[in-house]
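Heads up: the structure comes next, in structure tokens.
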Amino acid sequence: MSGQTVSLAAETIETWRTDGVAVLRQILSAEWIETLRKGVARNMETPGPYTKQYTPEGGPGGFFGDYCNWSRISEYEDFFRYSPAAEAARQLMGSKKVNLFHEHVLVKEPGTREPTPWHHDQPYYCVEGADTCSLWIPLDPVKRESAVEFVAGSHRWGRWFAPRMFATQTSYVDTDPRFEELPDIDTFAEDQRFVGFDLEPGDAIAFHFLTLHGAPGNTSTTERRRAFAARFTGDDATFARRPGIMSPPFPEVTLSDGSPLDSDWFPVLAKDESA
């Protein structure tokens with residue numbers, strides 16, 4: 001395939017599979033970070049139909065979110081097709097191929113108070129399967145106290161928690177009956193291992209779609225916290241139209257339940273050329 005090559009250390013892959021999260025230090029060049037910064041600037045100037053402003057009007061800072069813009073923002077598409085990100089995800093998942101699922105941009109301006117509530121991603125998504133991987137890519141230096149934090153090993157619990165609204169932190173209604181309410185993280189914090197990182201541009205955090213995570217507001221009064229999350233799926237991923245709200249909703253996708261994702265909506269980005 002046409003993406004840049006990368007070779008992840010065996011211990012990094014093992015950490016990711018065991019914990020559901022691992023940090024990839026300086027996996028991306030300064031040129032790719034600048035490409036994503038330009039794309040985010042264009043995204044914020046010309047928001048897509050799913051844009052959210054999570055900070056109430058008149059509140060300090062500002063929490064901007066948007067997703068599913070890769071096909072109209074050339075910097076995003078170039079990143080997906082030509083950077084080493086998809087190949088890194090393939091190695092972590094141990095898959096023969098990688099599909100682009102979508103991108104999600106999250107920008108917290110200095111002094112933003114709104115947190116990202118504890119959740120895991122797959123219940124929001126139209127995806128079944130265990131071969132999933134997100135790369136959370138900071139475009140600014142981020143201290144751990146402002147970065148995403150994860151519950152190590154939570155992707156292996158076999159539990160799916162109901163999606164939550166970021167703005168209100170309330171659970172979606174009319175969701176899949178197998179979903180359960182997420183317990184208060186603080187009530188079982190002593191029994192869990194929490195993972196977080198100080199990050200520099202060029203680093204990325206890889207995590208499974210079922211790994212629980214959350215983030216505080218931006219505690220810095222001077223630095224933005226721009227993040228680009230690249231979502232990927234692997235060999236066993238199939239399409240699933242869920243009850244109630246899905247995020248992203250993908251109303252344009254006409255795949256049937258149980259179908260492989262391979263399509264123009266979810267293009268294949270990387271393959272194991274030795275397979």
Side-chain angles (χ1 to χ4, degrees), residues 1-36 78-101 103-104 120-122 127 129-157 192-215 225-237 268-275:
M1 302 297 282
S2 55
Q4 293 178 337
T5 60
V6 65
S7 181
L8 300 182
E11 55 266 34
T12 299
I13 296 173
E14 182 60 28
T15 295
W16 185 82
R17 292 178 180 172
T18 300
D19 291 351
V21 57
V23 65
L24 311 180
R25 296 293 185 192
Q26 294 303 293
I27 192 75
L28 297 170
S29 68
E31 288 77 13
W32 282 122
I33 297 302
E34 188 56 32
T35 295
L36 289 177
D78 286 348
F79 173 81
F80 276 117
R81 294 193 183 278
Y82 306 121
S83 82
E87 173 59 18
R90 189 196 66 76
Q91 292 179 34
L92 290 167
M93 293 186 291
S95 290
K96 293 182 174 64
K97 57 99 176 183
V98 173
N99 293 75
L100 188 167
F101 185 47
E103 95 293 330
H104 193 173
H120 54 188
D121 292 336
Q122 200 158 352
V127 173
D131 295 333
T132 66
C133 182
S134 288
L135 297 185
W136 194 93
I137 300 163
L139 306 183
D140 306 285
V142 183
K143 294 297 184 183
R144 177 172 177 170
E145 55 264 29
S146 291
V148 186
E149 191 166 31
F150 302 84
V151 182
S154 53
H155 67 306
R156 300 189 297 169
W157 290 353
Q192 305 301 327
R193 181 163 57 89
F194 291 80
V195 177
F197 310 94
D198 291 327
L199 300 165
E200 294 292 332
D203 297 338
I205 304 174
F207 62 98
H208 192 277
F209 284 4
L210 284 176
T211 305
L212 282 170
H213 58 285
R225 200 219 69 177
R226 292 171 291 179
F228 182 91
R231 319 289 194 193
F232 302 101
T233 62
D235 293 343
D236 76 347
V268 174
L269 298 176
K271 288 184 177 180
D272 180 357
E273 299 297 350
S274 66

Closest non-hydrogen atom pair between Thr15 and Ala22, with its separation:
CG2-CB, 4.1 Å
Mark yes or no for whether Asp203, through its side chain, and Arg25, through its backbone, hold a donor-acceptor pair below 3.5 Å.
no
Test item: side-chain donor near acceptor, Arg225 and Ser146, under 3.5 Å
no
Do Pro201 and Pro141 have side-chain heavy atoms sitting under 4.5 Å apart?
yes
Using a 3.5 Å distance criterion without hydrogens, assess whether the side chain of Gln192 forms a donor-acceptor pair with backbone atoms of Ala152.
no
Interatomic distance, Ile13 atom CD1 to Leu92 atom CG [nearest 0.5 angstrom]:
6.0 Å
Take the angle between the ring planes of His208 and Trp16 and call it parallel below 30°, perpendicular above 60°, tilted in between.
tilted
I'd like to know if Glu149 and Arg144 make a salt bridge, using a cut-off of under 4.0 Å between side-chain N and carboxylate O.
yes
Looking only at heavy atoms, which two atoms of Ile137 and Ala204 are closest? And how far apart?
CG1-CB, 4.0 Å
Nearest atoms (heavy-atom pairs only) where Val98 meets Ala89:
CG2-C, 4.4 Å
Classify the side-chain pair Glu14/Thr18 by whether it contains a donor and acceptor separated by less than 3.5 Å.
yes
Per side chain to side chain contact (heavy atoms under 4.5 Å, CB included), Val6 is matched among Ile27, Leu28, Leu24 by Ile27
State yes or no: are the ring centers of His213 and Phe207 separated by less than 6.0 Å?
yes
Output the distance between atom CZ (Arg90) and atom CZ (Phe232), rounded to the nearest 0.5 Å.
12.5 Å
Report the distance from atom CG of Leu8 to atom CD of Glu87, rounding to the nearest 0.5 Å.
8.0 Å
Determine whether Leu139 and Ile33 make a side-chain contact, defined as any pair of heavy atoms from C-beta on separated by less than 4.5 Å.
yes
Are the charged groups of Asp198 and Lys143 less than 4.0 angstrom apart, N to O?
no
Rounded at 0.5 Å granularity, tell me how far CZ in Arg17 sits from NE2 in His155.
10.0 Å
Verdict with supporting geometry, Arg231 and Ser134, side-chain hydrogen bond (donor to acceptor under 3.5 Å, both in side chains):
CA-CA 4 Å; Arg231 319 289 194 193; Ser134 288; 3.1 Å; yes
Where do Arg226 and Asp140 land on the salt bridge (Lys or Arg N to Asp or Glu O under 4.0 Å) test, with the steps shown first?
CA-CA 6 Å; Arg226 292 171 291 179; Asp140 306 285; 2.6 Å; yes
Should Gln122 and Val127 be marked as a side-chain contact (heavy atoms from CB on, under 4.5 Å) after you check the CA-CA gap, both sets of side-chain angles, and the distance that decides it?
CA-CA 7 Å; Gln122 200 158 352; Val127 173; 4.0 Å; yes
Centroid-to-centroid, Phe194 to Phe150, below 6.0 Å?
no
